[in-house]
Amino acid sequence: MKDYRLKEGLNACINCGTCTAICPAAEFYRYDPRRIVDIVQSKDDEEIEKLLKSDTIWYCGECMSCVTRCPRKNAAGLIIMSLRNLSIELGYFIESEKGRQQYLLTKDLCSNVLDYGYCVYPRRFDYAGHPEAGRVWEWEEKHLDDLFERLGGNLDGKGTGAMRRIPQEDLDQLKAIFDITGATARMENVRKAGEKKAAEWGLTEEEFIAKIYTDSDPKHLNH
Amino acid sequence: MVDFGFGLVPSSRINLDLFDREKYEKLVAMEPDAKICMACGSCTAVCTAGQFTPTSLREAIEDVFNAKDDKALEALKACQLCGKCSMVCPRGINTRHLILSITKVYSKK
Amino acid sequence: MIYEGKQKIWSDYQKEIPDDHYFYVRSCIRQSFFPASEATFLDITRNKLGKDIFETEHHTTCGGIAYHSDTIPQETVMTIIARQFALMAKNGYENYVCSCITSFGLYCETMETWREYPELEAKIRENLWKSCKLEFAKPKFLIHASDLIYKYRNQIAAQAVRKLVNVHTGEPLKVVEHIGCHYSKMFPSKGVGGAEYPYVLVGMVEAWGGEIVDYPERRHCCGFGFRQYFIKGNRGYSLSNTHKKFESMEPFKPDLIITNCPGCPYFLDRWQYVIAESTGKTYGQDGHGIPALTYEEVAGLVMGYDPWDLGLQTHQVGVEPLLDKMGVPYDPSKKYLGKNGKDIGEPLPCACLK
Amino acid sequence: MKNNILIIGGGPAGLEASAQLQRMGYNVILIEKSPKLGGHLAKWDRLFPDSVQAEEVLGRLLKGAEGVKCFTDTDVRAINRLDKSYNVRLTNGITVLSDAVLVASGFDLFDAVKKEEYGYGIYDQVMTNADLEAYFKSGSDRRIEKPGKIGFAHCVGSRDEKSGCRSCSKVCCATAVKQAIEMKQAFPDAEVFCFYMDLRLFGRHYEDIYLKAQKEYGVRFIRGRVAEVSENYDGTLLVKAEDTVAGKPLKVTLDLLVLMAGMRPSASGKAIGDLLEMSVEEDGYFAVRSGIAAGQRSPIPGIFLAGAATGPKTLPETLADARAAAMEVDRYLTEIFPDAKNYKQLVRERW
């Protein structure tokens with residue numbers, strides 16, 4: 001596994017549990033980052049493969065609070081990122097409910113980056129999918145142009161400013177970066193695995209997306 | 001109340017502030033050896049019921065300390081009182097009596 | 001709480017922040033949800049403090065959110081970052097100021113990884129040339145925009161028209177700070193005040209007359225968690241972590257939450273709405289919430305900006321009780337107007353949250 | 001002619017070595033940088049495993065060293081190596097010509113402030129093992145007023161690479177168990193928790209006090225390192241760890257948290273080492289000639305080491321080490337030193 005995050009993030013773990021103690025995921029999911037580090041350092045291929053196909057590696061929120069705590073300078077968060085990377089590369093992610101969410105995440109976030117040059121783009125942040133964004137966003141969504149104008153933004157405008165239209169030449173460069181650094185290949189990889197799964201289940205893409213967006217098996221949570 | 005399609009998730013964090021000391025005192029009065037477990041896991045390793053069910057005396061003792069009484073009972077539910085654990089406990093705990101005591105003190109009935 | 005103990009730690013974590021000539025890079029989330037905060041930041045630094053702060057239309061996302069949602073490889077995000085740095089150098093700057101905390105953490109991590117693995121840096125340099133025909137460069141100073149406001153907090157105080165003080169009682173406002181996790185948890189020395197007791201926001205609040213309130217879950221993440229928020233099925237995680245923070249700060253009765261991360265004020269604001277609307281619980285006085293503001297918004301308030309120019313109407317938690325306490329004049333009828341008084345309607349009222 | 005021997009450090013190792021060497025007939029000069037002899041022992045109340053009074057042990061050590069020429073408030077200013085002895089200038093103005101030097105510079109307690117997330121010096125109800133001993137001795141501490149729930153955090157400044165302390169301090173587990181028992185004795189209604197990673201109770205009777213702590217005092221041992229401490233509205237502490245046996249995060253509200261600050265190489269010892277250009281190992285403690293065969297000889301001929309200067313030790317180990325060092329000094333002086341003609345060759349062969 002050639003991953004710099006693994007080199008950075010993995011020294012012999014002493015199972016002290018300081019990572020789990022403050023982990024935002026450990027309290028609300030059935031999750032214990034200490035055990036992940038323990039399994040990875042066991043070098044037990046069978047266990048690691050099981051992990052890569054499981055929901056477990058997708059519980060982390062990558063807040064990196066564990067990095068501050070570890071007395072051995074391990075970084076559970078970086079190890080998780082590395083495992084996720086591998087799970088995607090090997091196509092294992094599609095086997096678990098949480099892993100499958102990569103299909104939608106990759107589709108949405110990468111197209112935001114490639115189409116607009118932003119990870120988040122307000123016109124693609126819809127109240128229907130985000131009722132928690134509140135009554136205020138329900139209103140904002142309808143008046144985005146007026147509001148950006150009111151608040152000193154530059155939505156889809158020329159030149160500088162908040163949410164300006166990023167010139168095509170720059171978007172082309174992002175695309176070129178995606179192409180040579182493996183992001184495009186990864187997108188393709190994830191897309192194919194998702195389509196295969198959708199076909200297996202006899203779902204259209206739209207149905208498949210709706211399913212992975214909302215699926216939440218109670219088994220992830222504590223009782 | 002609005003339904004957002006998701007909500008607060010139950011916490012699994014152990015909260016020692018919820019520890020029921022009175023009940024615990026009752027338990028150790030009945031079986032003082034409840035105090036001397038080292039969590040070595042020998043009992044669980046040889047547990048007959050543990051081969052087929054999630055039975056673990058080690059966990060049950062831990063659960064009692066961690067204010068997870070229901071989990072403690074759950075972990076002993078399938079115990080057949082075969083007594084293999086008492087043969088291996090390095091601290092010589094009378095495990096069968098301890099199991100019976102935990103069940104007695106923490107049962108809701 | 002022993003204040004002197006914290007002071008000692010603060011003195012151990014002082015970072016060098018250059019005086020002038022900054023290259024400014026925006027944040028995806030802040031632009032989307034708090035565009036006025038970035039506008040206020042630029043207005044304060046350029047027009048109130050007289051600094052040279054440059055923005056190019058060619059800069060983009062750093063890719064951080066996509067990266068931390070595990071949708072793009074590390075090499076991709078590093079090359080995008082190298083491109084941003086190259087734009088800085090091309091425009092003749094060496095002091096890199098970013099608006100986003102996820103970016104800041106990622107820049108720190110990237111620079112650190114390059115330092116440790118020069119072969120990786122060489123690879124990125126090559127990637128950058130192949131894809132963009134740009135010359136590789138690295139900033140001399142890497143700073144978060146909140147570091148700058150921290151540096152000039154006393155100048156801002158000198159120009160302030162009001163303080164973080166309750167004008168009715170004369171008491172300082174009780175302020176809770178929330179630092180974005182990626183600000184200093186990975187690299188404590190890169191943040192003002194370190195990772196455990198960051199001083200960057202505390203310094204601002206103290207300089208502007210408020211009182212900082214420390215509470216047990218101060219260090220806990222707001223719960224964003226990238227994928228844990230974006231996917232609806234995961235949002236219970238995000239909500240529950242914010243809930244944990246509010247339950248912890250509740251007894252301290254804070255008047256205000258100040259944040260330095262783009263996402264955190266959104267979550268600390270909207271999750272209060274969700275908690276109120278789905279459980280009936282509110283954390284402010286009489287059914288109100290606790291306003292969660294960006295540091296630019298707080299700076300703007302003390303400097304006398306109009307609250308609706310600062311975009312405080314785009315918070316779901318009503319800010320009026322805070323404005324009343326601070327004695328900020330505002331016209332309620334203008335709250336939801338567009339530019340030049342254009343009527344663009346207003347949000348529907350909440351069922352529970354005032 | 002009596003040989004002069006300079007002993008640097010008036011803690012248990014220095015005192016015990018002084019006593020032994022004096023009995024062998026040497027002329028011993030003992031210097032101590034602080035105003036008082038006894039080192040950390042003088043600040044401790046009772047000792048594990050049998051709760052003997054530290055004062056009693058120290059009294060015995062001082063009695064043994066009676067007659068030794070002692071300079072307190074005195075440090076080394078300069079050391080020059082002569083042909084076969086050392087010319088040592090002391091800070092009190094005196095110069096000593098010494099045929100052997102024994103460095104017994106001991107240890108410093110880890111500065112718990114550095115473990116920032118535990119809030120020592122910030123949160124009112126956090127104290128160290130040393131503070132607690134001071135409380136036992138004096139009977140008063142502003143932090144202790146009938147605490148209902150007390151925690152002990154093991155491994156503070158030990159086994160922690162973040163704090164630059166990789167090694168185990170060896171004595172803290174037993175100290176924590178001892179102090180936990182003592183707190184239960186002082187406050188029988190209190191609930192006491194020990195947060196540990198491994199209970200390193202290797203010595204004779206140590207396991208007995210562990211069992212006693214559980215059985216007689218109901219001390220709760222939680223396998224998980226304290227991750228973070230913070231202060232509640234009412235001034236109590238919120239302590240977080242993982243119960244690694246249960247595999248779940250854990251929180252508990254405490255009235256008092258005691259940090260088991262570990263042993264660090266002493267700063268004044270390091271200064272002496274710098275004067276002598278004596279090498280230290282990666283852990284900061286002085287290197288010895290051979291860990292197994294010659295643990296009291298430094299790499300420099302004529303310079304000896306005893307006690308915690310060469311790594312964490314329990315008190316009995318320190319005293320045994322000091323006696324061994326005395327034997328080594330004696331062997332060196334009697335075998336090699338008198339033969340002035342062959343001195344250099346002998347040192348080459350036998351050091």
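Side chains included, hydrogens not; waters and symmetry mates left out as well; all remaining heavy atoms used.
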- Message: Would you say the ring centers of C:Phe226 and C:Phe224 fall short of 6.0 Å from each other?
- Response: yes
- Cation-pi, C:Tyr197 ring and C:Arg219 (6.0 angstrom, 45 degrees): yes
- Task: Considering only heavy atoms, give the residues of residues 269-282 of chain C separated from chain B by less than 4.5 Å, sorted numerically, with 'none' for an empty result.
- Result: C:Trp271, C:Tyr273, C:Val274, C:Ala276, C:Glu277, C:Ser278, C:Thr279, C:Gly280
- Message: Among C:Ser238, C:Gly233, C:Ala351, C:Ser240, which residue has the highest count of heavy-atom pairs closer than 4.5 Å to chain B?
- Response: C:Ser240
- Quick one: are C:Cys100 and C:Arg30 in side-chain contact, heavy atoms under 4.5 Å? no
- Which residue pairs pass the side chain to side chain donor-acceptor pair (under 3.5 Å) test when at least one of the two sits in residues 75-93 of chain B, sequence neighbours left out? B:Glu74-B:Lys77, B:Arg91-D:Glu207, B:Arg91-D:Gln214
- Query: Is C:Lys335 paired with C:Glu320 through a side-chain N to carboxylate O contact shorter than 4.0 Å?
  - Reply: yes
- Please determine if C:Arg235 forms a cation-pi arrangement with C:Tyr229, meaning its NZ or CZ atom is less than 6.0 Å from the six-membered ring centre and no more than 45° off the ring axis. yes
